[in-house]
Amino acid sequence: MKTDVLVIGAGAAGMAAAIAAAKKNLKVVIAERDEITGGILNQCIHNGFGLHYFREELTGPEYAERFREQLNRYADAIEVLTDCHVLRLNRDKTALLVSLKGVFELETKAVIYAAGARERPFGSLMIPGDRPSGIFTAGVAQRLMNIDNRKVGRRALIVGSGDIGMIMARRLTLEGIEVVGVVERLPYPGGLLRNVIQCLRDFNIPLYLSSTVVEVKGSERLEEVIVASVDEQFRPIPGTEKSFKVDTLVLSVGLIPQVEMLNSLVALDKRTRGIACSNTGQSSNEWIFAAGNCTAIFDLVDYVTREGERAGEYASRYVNGDRFSLGIPIVPGENVMLTFPNFYSGVDDLTLYLRCRKPMERALLKVGGFEKSFEDLTPSEMIVVKIPERKLANLDMVEVRLEEV
Amino acid sequence: MEKIVCVLCPMGCKIKYRVEDGKIVSVQGNRCPRGLSYLEDELKEPKRIVPTSVKVVNGELPLVSVKTNRPIPKRLIPKFMQLIKQVQAEAPVKVGDVILKNVLDTGVDVIATRTVKRVNSA
């Protein structure tokens with residue numbers, strides 16, 4: 001089999017990338033391991049998607065359906081392979097795929113990698129105690145409840161106050177599971193303030209800040225979770241332990257870009273832990289582009305869609321013979337935890353995503369010759385700015401700084 | 001000035017306002033007019049869109065995701081969930097199909113947010 005562009009993953013980024021490439025009259029194959037396109041959007045049945053991109057508020061499945069319709073509209077150009085796993089991507093631009101039809105090889109001119117992220121697992125948290133059933137990552141609990149119609153337990157504690165954690169707190173509550181609290185290690189909530197209000201406060205779910213799980217107990221099913229307050233170095237403070245009798249623990253402790261398949265083919269960024277990309281979506285390997293949560297963890301699917309489109313457009317230009325360099329590095333400076341993209345090619349304006357390192361009341365963002373002031377910044381809310389090409393001229397590196405004012 | 005965070009969209013505008021004699025006399029910080037109506041509702045009768053799911057008969061999946069097409073009063077949410085548990089939809093269901101009309105006399109409909117194809121039960 002031969003194609004112009006192979007898109008790996010049919011979530012928000014992959015669908016947008018495939019459609020963008022099809023609009024440039026290229027032949028596209030999109031490989032998705034699930035039985036349906038849409039990725040994680042299908043199980044995110046809550047609202048809050050699409051406000052930037054569609055200027056209306058949609059649920060996850062509705063957002064996915066709009067792109068699925070477009071994939072259908074471009075059916076002549078885009079071949080959608082569901083139930084299909086990419087086993088290997090080779091240096092000679094071939095890929096080995098497996099689906100219900102068997103194993104086959106695909107020859108392509110460019111790849112857009114859009115494999116999303118995986119959830120940080122329980123095992124990585126090194127929590128002492130037993131290893132009973134009843135411990136779920138938020139995404140697994142979400143899939144069980146929202147797609148498979150399975151109730152995960154009766155009484156639950158949530159670890160991590162990221163958006164997914166808070167949204168699952170509400171979801172469990174609505175489905176009749178008692179949520180006794182949300183535990184957060186940081187002194188401030190990890191997700192958006194709107195979710196603190198509409199997911200926790202609306203249902204009187206307590207949020208325990210500066211707290212962590214120090215032990216889980218249970219012989220077969222989870223029975224008890226011990227929570228303690230932490231000091232500034234996140235060390236549990238002896239004597240502050242609280243016991244929660246719960247049969248369910250839901251973890252929302254972060255997402256990790258899924259990069260394993262490309263490990264030997266492209267460079268990663270040490271801060272985002274994702275595929276290092278230029279503002280064109282191009283990786284350190286010129287025929288491999290990437291977009292979405294496999295590059296950096298984004299706050300909003302709307303951003304992911306835009307980045308998917310961008311990768312689709314530039315990958316198409318690459319297939320048509322355009323060549324661009326990775327460009328100059330973009331480096332987080334003062335008060336900046338991470339930035340995306342990781343390089344600026346010099347082609348086009350720069351859409352820059354960044355997270356601050358700590359909550360800031362007022363800050364001045366400085367990038368090359370560009371400045372913009374911000375209020376009420378928190379690490380959990382991504383900052384997005386568009387920086388004109390001319391403000392980045394004659395630099396050999398782009399330093400991104402947030403000065404406190 | 002009192003403070004409130006608008007929950008209508010992920011922008012999460014921080015709205016500052018002052019109330020005198022039960023009337024809003026000054027508002028700042030909302031980036032769109034919906035923030036003002038949110039504030040008014042929040043002071044009188046807080047409302048929320050409720051996303052959830054209902055069972056499907058003869059569908060390719062056991063559930064179809066749904067939402068209220070407009071916000072309903074927050075105090076009705078527990079009652080709403082009791083009611084929605086009893087509801088079953090018959091596949092096929094398409095995005096936007098009305099699953100339940102005028103729920104709890106609010107004038108608000110419950111609509112499907114995904115498509116579930118029909119499969120013939122074996």
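Protein chains get the first letters and strands the later ones, always in sequence-line order, with residue 1 at the start of each. Values reported hereafter were calculated over all heavy atoms of this structure, with side chains retained and with hydrogens, waters and symmetry mates removed.
Two residues are said to be in side-chain contact when any heavy atoms from C-beta on lie closer than 4.5 Å; B/Ser65 and A/His46 fail this criterion. The side-chain heavy atoms of A/Ile147 and B/Arg114, taken from C-beta on, include a pair separated by under 4.5 Å. Between A/Glu175 and B/Thr52, the closest side-chain pair of non-hydrogen atoms falls below 4.5 Å. No side-chain heavy atom of A/Arg194 sits less than 4.5 Å from a side-chain heavy atom of B/Cys13.
Between chain A and the residues B/Ile77, B/Leu8, B/Ile84, B/Val64, the most heavy-atom pairs under 4.5 angstrom are made by B/Leu8. Of the residues considered (A/Asp299, A/Leu174, A/Leu193, A/Val196), A/Leu174 shows the highest number of contacts with chain B, using heavy-atom pairs under 4.5 Å. Counting heavy-atom pairs closer than 4.5 Å to chain A, the top-ranked of the candidates B/Arg48, B/Lys55, B/Lys85 is B/Arg48. Ranking B/Val5, B/Val50, B/Val7 against chain A, the residue ahead of the rest is B/Val7, based on heavy-atom pairs under 4.5 Å. Across B/Ile49, B/Thr115, B/Leu63, the residue that shares the most heavy-atom pairs under 4.5 angstrom with chain A is B/Leu63. Annotation: maximal heavy-atom pairing with chain B below 4.5 Å, among A/Leu58, A/Thr59, A/Leu300, occurs at A/Thr59. Among B/Pro78, B/Ser53, B/Gly96, the residue with the largest count of heavy-atom pairs under 4.5 Å with chain A is B/Ser53.
Looking at A/Asp376, both its backbone and its side chain come within 4.5 Å of chain B, counting heavy atoms on both sides. Using a 4.5 Å cut-off between heavy atoms, A/Leu192 touches chain B through its side chain atoms alone. Proximity to chain B is absent for every atom of A/Asp302, based on heavy atoms less than 4.5 angstrom apart. Proximity to chain B (any heavy atom under 4.5 Å) is shown, for A/Glu57, by both the backbone and the side chain. Neither the backbone nor the side chain of A/Ile167 comes within contact range of chain B; no heavy atoms are under 4.5 Å apart. For A/Asn146, the part lying under 4.5 angstrom from a heavy atom of chain B is the backbone only. For B/Arg34, the part sitting under 4.5 Å from any heavy atom of chain A is the side chain, from C-beta outward, and nothing else. Heavy-atom distances place no part of A/Tyr63 under 4.5 Å from chain B, backbone and side chain included.
Within a 6.0 Å sphere centred on CD of B/Glu90, heavy atoms belonging to other residues, nucleotides or ligands number more than 12. Counting non-hydrogen atoms of neighbouring residues, nucleotides and ligands closer than 6.0 angstrom, the CZ atom of B/Arg118 exceeds 12 such neighbours.
Nearest heavy-atom pair across B/Thr113 and A/Pro61 is O-CB, 3.2 Å.
For the atom pair B/Leu61 CG and A/Asp148 CG, the distance stands at 8.5 Å (nearest 0.5 Å). Here A/Leu51 contributes atom CG and B/Cys32 contributes atom SG; the two are 8.5 Å apart, rounded to the nearest 0.5 Å.
When each of A/Arg66, A/Glu62, A/Arg68 is paired with B/Val95, the side chain to side chain contact (heavy atoms under 4.5 Å, CB included) condition holds for A/Glu62 and for no other.
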